[in-house]
Amino acid sequence: MSNTKINTAEMQALDAAHHLHPFTNTGALNKKGARVITNADGVYLWDSEGNKILDGMAGLWCVNMGYGRKELTAAATAQMEELPYYNTFFQTTHTPAAKLAEAVASVTPGDLNHIFFANSGSEAIDTIIRMVRQYWCIKGKPYKNILIARENAYHGSTVGGTSLGGMGGMHKQGAPLLPGIERIRQPYWYGEAGDMSEEEFGIACAKALEEKILAVGPDNVAAFVGEPIQGAGGVIVPPANYWAEIQKICKKYDVLVAADEVICGFGRTGNWFGSETFGITPDIISMAKGLSSGYLPIAAVAVGDRIANALIEHDDDFNHGFTYSGHPVAAAVAIENIRLMKEENIVEYVGKEIGPYFQQQLREVLGEHPLVGHIEGVGLVAGIALVKDKATKTFFPDDIDIGFICREHCFNNGLIMRAVGSRMVLSPPLVITKAEVDELVQKAKLCFDLTLESAAAL
Ligand code: PXG
């Protein structure tokens, strides 16, 4: 399938004239011209030049059930015709919001049975910030309002998400940041552990949380917030013992645990939520992306009994929400998406079949490549560290943007792989088949070879 009806130059000119792109040097892009994506099916995209591209990123970590799912389109159309919009403020609800809350609660772990809706991961994170602070106010401890997060974490791009996240490039812009946020080191074993074993490093990184809690004072710390696996930070998989240790420390000092599951949620790691993969039960979790497979913007915060009961029993409004909280059309798509995921046993497929196959193929085909320093990943998400010298673990100097070079080769050879600095990351649709995984890995190998050639020529 291809679509060459669109005039690429005309679309690029329109785009350059009026469109400011997110996380982009728009001036540089305008000179080059944006790639125009026209249509998609399954795990493939087509651009306006007719190129077929394997989408190794599921859009932006979100199109979990793949492109072209007629069931999702039908759910949206039917809901548009019946009730395109109504709000959930002012003591009102509607069927999609009520049913989606139930459907989400049916897949969340532990006692995370109450659901607050938002429209993006960033809004879900802002909701967590406001909700945990309100929780401690209700409990008579308004001073217990500091949030602890991590370096190189990504929690979105609103002021709240930017402040909570640990991205230096974002902090430099639009300052000042939100007060009341502290940060600890990330559990990046391959890059930052020195001689420590994974286990020792897992303990050391969790200990950093304990030290921070004690430095701030346990009575001032509202919550620890972390992605089960850091996604936009380059797919950093923590040591296996890390999260259990974090939860133990939070329990000891009565600090809430918030898991940002915007990427890990909805099957990515082979369980419904990444928290399950790491054996923890958070007090509150954010989700977005895979909730609707990206077909419409919708996000949610799942709230455990402890916080939910406090909010419910507190005889006052929680003064927070969005015009489109629980938007009926987005909710209808998310309900259908969850139904499809269950019907097709997609979480089990990722956990037991395609995830292990993907991880094994990556290691088998790419593991020995001279550029590949380390491969980490779980289920259908992976991060590959590109290095100058494998044996001595020497990274490329800053003036060689190896990730960018590799990403360009991928684009030009029909594969979308994202670069985070010198790490290449993959997060394909969960419906990917073994044959498509083979194709992905072979394309990646070719592109790594081309990247090696480009690097040698520099
Ligand atoms: N939390 C996490 C863990 C995320 O990955 C957000 C919050 C914010 O979600 P919204 O829907 O507000 O974008 C995210 C989003 C990238 C990239 O380049 C990753 C995200 C968004 C945009 C780009 O890897 N993750």
Side-chain angles (χ1 to χ4, degrees), residues 21-25 55-64 116-129 147 149-167 169-170 178 181 186-187 223-238 243 257-266 268-269 273-275 277-278 282 284-302 322 324-325 327 330 334 377-378 380-384 403-404 407 410-411 416-428:
H21 286 248
F23 282 92
T24 297
N25 175 341
D55 186 2
M57 280 305 294
L60 212 40
W61 323 79
C62 56
V63 187
N64 287 5
F116 191 100
F117 291 115
N119 309 287
S120 66
S122 303
E123 286 181 7
I125 283 295
D126 279 30
T127 300
I128 286 184
I129 295 172
L147 294 133
R150 300 176 297 181
E151 302 295 347
N152 196 35
Y154 188 76
H155 296 299
S157 184
T158 51
V159 175
T162 300
S163 305
L164 194 60
M167 298 289 176
M170 293 174 76
L178 207 64
I181 290 166
Q186 60 171 338
F224 172 74
V225 187
E227 303 154 79
I229 292 172
Q230 287 155 257
V235 184
I236 311 293
V237 181
W243 269 109
V257 177
D260 184 351
E261 296 262 12
V262 166
I263 284 176
C264 293
F266 291 88
R268 177 64 51 202
T269 68
F273 290 90
S275 300
T277 301
F278 292 101
I284 189 164
I285 66 184
S286 50
M287 64 194 80
K289 299 189 187 274
L291 170 57
S292 65
S293 284
Y295 277 56
L296 282 173
I298 184 163
V301 172
F322 309 99
Y324 301 126
S325 285
H327 189 287
V378 183
L380 282 178
V381 63
I384 303 170
F404 182 81
R407 191 184 79 177
C410 290
F411 262 139
I416 289 186
M417 199 178 346
R418 181 160 144 38
V420 178
S422 59
R423 293 178 68 78
M424 301 310 295
V425 306
L426 285 162
S427 167

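Scope of the values below: all heavy atoms of this structure, side chains included, with no hydrogens, waters or symmetry mates. Atoms within each ligand, like the ligands themselves, are counted from 1 in listed order.
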Margin query: Run the ring pair (Phe, Tyr, Trp, His ring centres under 6.0 Å) test against Y324 and tell me which residues pass, sequence neighbours left out.
Written below: Y85, H327
Notebook entry, point to check: R150 side chain to E227 main-chain N or O, any donor-acceptor pair under 3.5 Å?
Noted result: yes
Check: CD1 of I229 to OG1 of T277: how many Å apart, nearest 0.5 Å?
Finding: 7.0 Å
Next item on the list: First locate atom CZ of R407, then atom CD1 of I416, and finally report the distance between them rounded to the nearest 0.5 Å.
Entry: 9.5 Å
Checklist line | Sidechain-backbone polar pair: T162 side chain, V159 backbone, donor-acceptor under 3.5 Å | finding: no
What does the contact table look like for ligand 1 (nitrogen or oxygen on each side, cut-off under 3.5 Å)?
unit_1: ligand 1; atom_1: 1 (N); unit_2: D260; atom_2: OD1; d: 3.3
unit_1: ligand 1; atom_1: 1 (N); unit_2: D260; atom_2: OD2; d: 2.6
unit_1: ligand 1; atom_1: 9 (O); unit_2: G121; atom_2: N; d: 3.4
unit_1: ligand 1; atom_1: 9 (O); unit_2: S122; atom_2: N; d: 3.4
unit_1: ligand 1; atom_1: 11 (O); unit_2: G121; atom_2: N; d: 2.8
unit_1: ligand 1; atom_1: 12 (O); unit_2: G121; atom_2: N; d: 3.4
unit_1: ligand 1; atom_1: 12 (O); unit_2: S122; atom_2: N; d: 2.8
unit_1: ligand 1; atom_1: 12 (O); unit_2: S122; atom_2: OG; d: 2.5
unit_1: ligand 1; atom_1: 18 (O); unit_2: R418; atom_2: NE; d: 2.8
unit_1: ligand 1; atom_1: 18 (O); unit_2: R418; atom_2: NH2; d: 2.7
unit_1: ligand 1; atom_1: 24 (O); unit_2: W61; atom_2: NE1; d: 2.8
unit_1: ligand 1; atom_1: 24 (O); unit_2: R418; atom_2: NE; d: 2.7
unit_1: ligand 1; atom_1: 24 (O); unit_2: R418; atom_2: NH2; d: 3.1
unit_1: ligand 1; atom_1: 25 (N); unit_2: K289; atom_2: NZ; d: 3.2

Note to self: Closer than 3.5 angstrom, by distance alone: can the side chain of Q230 be matched with the main-chain N or O of N152 as a donor-acceptor pair?
What the structure shows: yes
